[in-house]
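A short worksheet on the structure shown next.
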Amino acid sequence: MAEELREDTVREAVRDRYAEIAKTGSSCCGDSSCCGLPSDAGESSENKAAGEEALRLGYSQDDLIAVPEGANLGLGCGNPQAIAQLKPGEVVVDLGAGPGFDCFLAARAVGPEGLVIGVDMTPEMVGKARENARKSDCGNVDFRLGEIEHLPVADATADAVISNCVINLSPNKPAVYREAFRVLKPGGRLAVSDVVATAELPQDWREDMRLLSACISGASTVAEVEEMLRTAGFADIRVEPNDKSREFIQDWEPGTNLGDYVLSASMSAIKPR
């Protein structure tokens with residue numbers, strides 16, 4: 001019962017944070033900053049900061065131009081598109097799609113014969129993503145309300161499952177990887193950018209819901225991620241921390257030594273045929 005209550009508390013904290021981000025268009029990375037900008041920065045500054053952050057994460061200027069306005073809120077910690085190897089005609093599921101940034105890029109990669117399903121548990125984010133799809137007349141994306149531990153997707157649907165800095169937010173990460181495995185076709189690929197813990201996080205950080213919902217204190221170690229993927233059934237597992245990510249992760253909590261504890265990592269795996 002206590003564990004269930006904690007899971008509910010975590011989900012509520014995460015949902016509240018990202019509902020507020022969806023409403024304000026602000027991707028605040030901590031108490032008083034929005035990706036390194038002062039909290040009183042105007043809307044144009046917010047958009048510029050989100051674009052600059054995406055470029056730091058490995059996206060291109062063409063990527064930023066290709067997506068609808070409002071789809072990029074600077075919420076990620078990497079670029080799962082870089083390792084997903086998406087092909088025309090494929091079906092892709094995005095875990096924690098937010099306003100749809102990675103979904104719209106994936107939709108461009110798979111083309112009109114393909115399909116991208118974006119799942120998010122925050123109604124405000126799903127609404128924003130659907131409005132972005134309507135504005136851009138993007139017909140090969142489908143945004144669904146749901147939890148990534150209980151995906152509203154049928155078995156063996158996807159050629160690829162992607163996610164960008166979301167799985168760390170889940171209070172039940174093994175369930176997320178089991179669900180990703182379930183919805184993948186045999187031979188399907190998992191391509192994830194997420195944070196990993198490179199040192200034992202201070203206990204007060206672990207118990208801080210603000211830090212958890214800010215993609216910090218929910219980070220698992222590389223060994224823990226590898227074990228969860230193996231247990232879910234995945235093969236060809238690779239979890240590769242990016243030491244250069246220390247530069248932008250340090251900006252998430254100015255005045256701390258966060259980069260000594262958490263790094264962004266690329267994670268990939270295959271569902272055996």
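Numbering starts at 1 and runs along the sequence shown. The structure displayed is predicted, hence computed values, not measured ones.
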With sequence neighbours left out, what residues match [X] under side-chain contact (heavy atoms from CB on, under 4.5 Å)?
X	value
Ala175	Glu149, Asn172, Arg178
Ala84	Leu86, Ile162, Ala191
Asp260	Arg246, Asn257
Leu211	Trp205, Asp208, Ile216, Ser217, Glu253

Going by atom type alone, with no hydrogens or angles, which donor-acceptor pairs under 3.5 Å involve a side-chain atom of residues 261-271 and a protein atom two or more places apart or on another chain?
residue: Ser264; atom: OG; partner: Cys77; partner atom: O; Å: 2.5
residue: Lys271; atom: NZ; partner: Phe181; partner atom: O; Å: 2.9
residue: Lys271; atom: NZ; partner: Leu184; partner atom: O; Å: 2.8

N/O donor to acceptor pairs below 3.5 angstrom from side-chain atoms of residues 117-134, sequence neighbours left out:
residue: Asp120; atom: OD1; partner: Thr122; partner atom: N; Å: 3.0
residue: Asp120; atom: OD1; partner: Thr122; partner atom: OG1; Å: 3.4
residue: Asp120; atom: OD2; partner: Ala97; partner atom: N; Å: 3.4
residue: Asp120; atom: OD2; partner: Gly98; partner atom: N; Å: 2.8
residue: Arg130; atom: NE; partner: Phe143; partner atom: O; Å: 3.1
residue: Arg130; atom: NH2; partner: Phe143; partner atom: O; Å: 2.9
residue: Glu131; atom: OE1; partner: Arg134; partner atom: NE; Å: 3.1
residue: Glu131; atom: OE2; partner: Arg134; partner atom: NE; Å: 3.4
residue: Glu131; atom: OE2; partner: Arg134; partner atom: NH2; Å: 2.6
residue: Asn132; atom: OD1; partner: Lys135; partner atom: NZ; Å: 3.4
residue: Asn132; atom: ND2; partner: Pro99; partner atom: O; Å: 3.0
residue: Asn132; atom: ND2; partner: Lys128; partner atom: O; Å: 3.3

>> According to side-chain hydrogen bond (donor to acceptor under 3.5 Å, both in side chains), does anything in residues 192-201 pair up with another residue at least two apart or in another chain? List the pairs.
In response: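 Every side-chain hydrogen bond (donor to acceptor under 3.5 Å, both in side chains) pair that includes a residue of residues 192-201, provided the two are not neighbours, is Asn168-Asp194.
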
> Is there any side-chain hydrogen bond (donor to acceptor under 3.5 Å, both in side chains) pair reaching into residues 86-95, and which pairs are they, with sequence neighbours excluded?
Replying inline: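 Passing the test, one end in residues 86-95: Glu90-Arg189.
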
>> Any carboxylate oxygen within less than 4.0 angstrom of a Lys/Arg side-chain nitrogen, looking at Glu20 and Lys23?
In response: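 Between Lys23 and Glu20 there is no salt bridge, as every charged N stays at least 4.0 Å from the carboxylate O atoms.
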
> Is Asp62 salt-bridged to Arg108, cutoff N-O under 4.0 Å?
Replying inline: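 No salt bridge links Asp62 with Arg108.
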
>> I need the full list of salt bridge (Lys or Arg N to Asp or Glu O under 4.0 Å) pairs touching residues 221-239, with sequence neighbours left out, sorted by first then second residue.
In response: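 For residues 221-239, and leaving out neighbouring residues, the salt bridge (Lys or Arg N to Asp or Glu O under 4.0 Å) pairs sorted by first residue read Glu227-Arg230, Arg238-Glu240.
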
>> Applying salt bridge (Lys or Arg N to Asp or Glu O under 4.0 Å) as the test, list every pair that has at least one member in residues 152-176; sequence neighbours left out.
In response: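 Salt bridge (Lys or Arg N to Asp or Glu O under 4.0 Å) check on residues 152-176 returns Asp155-Arg182, Asp159-Lys185.
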
> Among all residues two or more places apart in sequence or in another chain, which pass the side chain to side chain donor-acceptor pair (under 3.5 Å) test with Asn79?
Replying inline: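 Side chain to side chain donor-acceptor pair (under 3.5 Å) check on Asn79 returns nothing, list empty.
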
>> Filter on ring pair (Phe, Tyr, Trp, His ring centres under 6.0 Å), then keep only pairs touching residues 57-84, sequence neighbours left out; what's left?
In response: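 Non-adjacent pairs meeting ring pair (Phe, Tyr, Trp, His ring centres under 6.0 Å): Tyr59-Phe101.
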
